[in-house]
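Side chains are part of it too, since the values below use all heavy atoms of this structure and drop only hydrogens, waters and symmetry mates.
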Amino acid sequence: MDLGAVRTFVSVADTGQFQHTATEMAITQQAVSKRIAKLEGDLGVRLFTRTARGAQLTIDGQAFLPHARELLQVEQRATDSVRPGRRALRIDVINRRTAPATLLRDFHRGYPDLQLDVLVLDDSGVDVAIAAVRSGSIDASFRAVTIPARRLPDDIRAMRVVDEPHQLLTGPAHKLATAPAVTPADLVGHRIWIPGILPGTEWATYYNDLAAEFGLAIDPIGPNFGTEHLLDVLADSATLASLVGEQTRLLWPTHYDLRRIPLYDPTPVYPHSLIWHRDNSHPALATLHHHLASIRPRRFDTGIWMPAWATRQA
């Protein structure tokens, strides 16, 4: 199997756009299309359906994606095994749009010569991330840690690195769309739609605690077609809203006219931590620790809310 074509497939699956992949890989969009067509021919199935909003995975594409990622990971491990001292620092993030990904981009700009491999452990919670750190398949992970520090495995270390405020995301027709700011109490009775919340994960625990604290109706129901679909639905809805991190990077067409509205009194804050193995001696990991420690903690003008399990570990 052509691993270059597999890598192209994974990139299109992540970006949702052939042109974005072409830009990332410094090749033409026609070359991207040819690689995908060749891979589809080898497999005998269609991997993508093209729509006005980009490329969407078919059922076969969804089935192939985790195996494609595994192929690339095996290739990476094989390459690293014959390049002593040159292995990239492997860091897991929940999503490449979120605050930890922004931290890593800033880190890379500050240390461009360090090799960095940013991964996403699909459909996994903090327990899976800890297991991956312990096995050595990744060097570190950015996660919310719901486990008390005293109950973490003896060989695992965790450090809170960024507390990310939440914002309300609405379309222009929503009742709260014109508000300069809202409180959690203002959200009572409104449907907050966050598809893709996986039971048993740390973010499921966070949103369950948030809903219980303020009496919110947070709805995870429905298939998760990705961020673009969420934005599309919100743009046309007068009743649906969602919650997003303040540093989460989102792009949408101008005519969507979506609104990002600050929350205050109190501001719900999501606690991100860095998790690593105590015996990991990768030199870039020490540099990352130093970089994160040099960042001044965020000061909030109003009160904040975090779950009890987060405040105990602050």
Side-chain angles (χ1 to χ4, degrees), residues 69-70 72-74 76-96 98-164 198 200-206 269-298 306-314:
R69 294 192 192 279
E70 186 175 357
L72 297 182
Q73 290 169 3
V74 170
Q76 184 66 54
R77 290 196 294 271
T79 303
D80 291 341
S81 69
V82 294
R83 292 182 179 176
R86 296 187 60 185
R87 181 178 68 75
L89 183 69
R90 295 175 298 220
I91 306 291
D92 160 62
V93 294
I94 294 177
N95 188 302
R96 289 186 175 90
T98 57
T102 300
L103 284 177
L104 285 177
R105 283 192 293 270
D106 292 341
F107 172 67
H108 179 62
R109 282 194 289 268
Y111 301 91
D113 295 334
L114 293 181
Q115 296 297 314
L116 191 63
D117 189 6
V118 181
L119 310 173
V120 177
L121 299 178
D122 290 335
D123 295 344
S124 62
V126 65
D127 292 336
V128 173
I130 289 174
V133 168
R134 298 189 77 187
S135 71
S137 60
I138 59 175
D139 293 296
S141 176
F142 284 97
R143 298 281 169 157
V145 181
T146 57
I147 308 167
R150 65 181 180 276
R151 288 174 46 204
L152 285 171
D154 291 341
D155 52 357
I156 294 297
R157 299 290 181 265
M159 173 180 67
R160 275 270 286 284
V161 292
V162 61
D163 294 334
E164 184 178 16
L198 298 176
T201 59
E202 66 275 15
W203 62 91
T205 300
Y206 174 86
V269 170
Y270 192 89
H272 298 279
S273 292
L274 182 71
I275 303 168
W276 73 96
H277 196 286
R278 69 181 181 192
D279 297 329
N280 190 316
S281 59
H282 197 300
L285 183 59
T287 305
L288 177 60
H289 286 162
H290 176 76
H291 172 77
L292 294 175
S294 69
I295 299 173
R296 289 190 174 187
R298 171 75 179 271
M306 280 186 287
W309 47 262
T311 55
R312 284 196 299 266
Q313 299 184 68

Atom pair CG/CG of Asp139 and Leu288 - distance to nearest 0.5 Å: 10.0 Å
Taking every non-hydrogen atom, the tightest pair across Ser273 and Val145: CB-CG2, 3.8 Å
Heavy-atom side-chain contact between Trp203 and Leu198 under 4.5 Å: yes
Arg134 vs Ile156 side-chain heavy atoms within contact, under 4.5 Å: yes
Min side-chain heavy-atom separation Ile295-Asp106 under 4.5 Å: no
Shortest non-hydrogen separation from Tyr111 to Thr287 and the atoms involved: CE2-CG2, 3.6 Å
Residues in salt bridge (Lys or Arg N to Asp or Glu O under 4.0 Å) contact with Arg96, at least two apart in sequence or another chain: Asp14
Exercise: do His277 and Asp155 side chains pair donor with acceptor under 3.5 Å: yes
Atom of Phe142, atom of Val93 and distance for their closest heavy-atom approach: CD1-CG1, 4.0 Å
Exam field: side chain Thr98 to backbone Ile94, donor-acceptor pair closer than 3.5 Å: no
Which residues share a salt bridge (Lys or Arg N to Asp or Glu O under 4.0 Å) with Arg278, sequence neighbours left out: none
Spatial distance of atom NE2 (His282) from atom CD1 (Ile91) [nearest 0.5 Å]: 8.5 Å
Student check: side-chain heavy atoms of Arg90 and Leu119 closer than 4.5 Å: yes
Close side-chain approach of Tyr270 and Val162, heavy atoms under 4.5 Å: no
Nearest atoms (heavy-atom pairs only) where His272 meets Pro100: ND1-CG, 3.5 Å
Check: Val120 and Asn95 side chains under 4.5 Å, non-hydrogen atoms: no
Rounded distance (nearest 0.5 Å) linking atom CZ of Arg77 with atom CG of Leu72: 11.0 Å
Side-chain heavy atoms of Leu116 within contact of Arg105, under 4.5 Å: no
Between CZ on residue Arg143 and CG on residue Asp127, distance to nearest 0.5 Å: 10.0 Å
Mutual orientation of the aromatic rings belonging to His289 and Trp276 [parallel < 30°, tilted 30-60°, perpendicular > 60°]: tilted
Asp117 side chain near Ile138 side chain, heavy-atom distance below 4.5 Å: no
Minimum-distance pair of heavy atoms, taken over all atoms of Leu285 and Ala140: CD1-CB, 4.1 Å
Ile147 and Ile130: CA distance, side-chain angles, deciding distance, side chain to side chain contact (heavy atoms under 4.5 Å, CB included) verdict: CA-CA 11 Å; Ile147 308 167; Ile130 289 174; 3.9 Å; yes
With Ile275, the side-chain contact (heavy atoms from CB on, under 4.5 Å) member among Leu152, Asp92, Val126: Val126
Distance (rounded to the nearest 0.5 Å) between Arg160 CZ and Leu292 CG: 13.5 Å
Geometric class of the His291/Phe107 ring pair [parallel <30°, tilted 30-60°, perpendicular >60°]: tilted
